[in-house]
Amino acid sequence: MYLAVTTQVKVPLPLQQKVQMEVEEFSPKIRRVVDWLGQLQAVDLNRVEPAIRADTEGEILREDIPEPFGQRKAMIDSIPSYEESYIKVPKVLNEE
C-alpha cells in the first residue's frame, strides 16, 4: 500500500480493505517473530562450541557404496514415455 501511495497509483477500495485486513492480521504475528529473535540475541553463546551441523556427536552416516539397481527394466516398462535414456514428462511451466 505504501508503494502505491508513493508512486501515486490508484488502488481499488476492495483491494485497500483486503490489504488493511492483512496488515491487521499479520502485524501481531510479525511482531512476535521479531520479539522472539530479540530473545535469541540475548542468549549467551560464549561457552558453546561452534558446530558445522547439529549431529556432531559420532559418525552416523553409512559408507557410500554403489549398488546395482535390479528393477531397471520393470521401472522403464512402467514409464508412459521413454526414449533411449530419457524419460519424457509433460510440460509444467508456462512461457509467461
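Here the structure is a predicted model, which is why all the values come from computation and not from measurement.
- With rounding to the nearest 0.5 Å, the separation of CD1 in I87 from CE in M75 is 5.5 Å.
- The CG atom of D35 sits 11.5 Å away from atom CG of L40, with the distance rounded to the nearest 0.5 Å.
- From E67, atom CD reaches atom CD1 of I65 across 7.0 Å, with rounding to the nearest 0.5 Å.
- S27 contributes no side-chain N or O that, together with a main-chain N or O of E24, makes up a donor-acceptor pair within less than 3.5 Å.
- Note that CD of E25 is 10.5 Å distant from NZ of K18, once rounded to the nearest 0.5 Å.
- Criterion: ILVMFWY side-chain heavy atoms under 4.5 Å apart, direct or through other members. Under it, V48 and V43 are part of a common hydrophobic cluster.
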* Could you give me the CA-CA distance, side-chain angles and deciding distance for D77 and K73, then say whether salt bridge (Lys or Arg N to Asp or Glu O under 4.0 Å) is met? => CA-CA 6 Å; D77 290 343; K73 180 165 176 18; 3.1 Å; yes

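- Note on V89: it does not cluster hydrophobically with Y86, by side-chain heavy-atom contacts below 4.5 Å among ILVMFWY residues.
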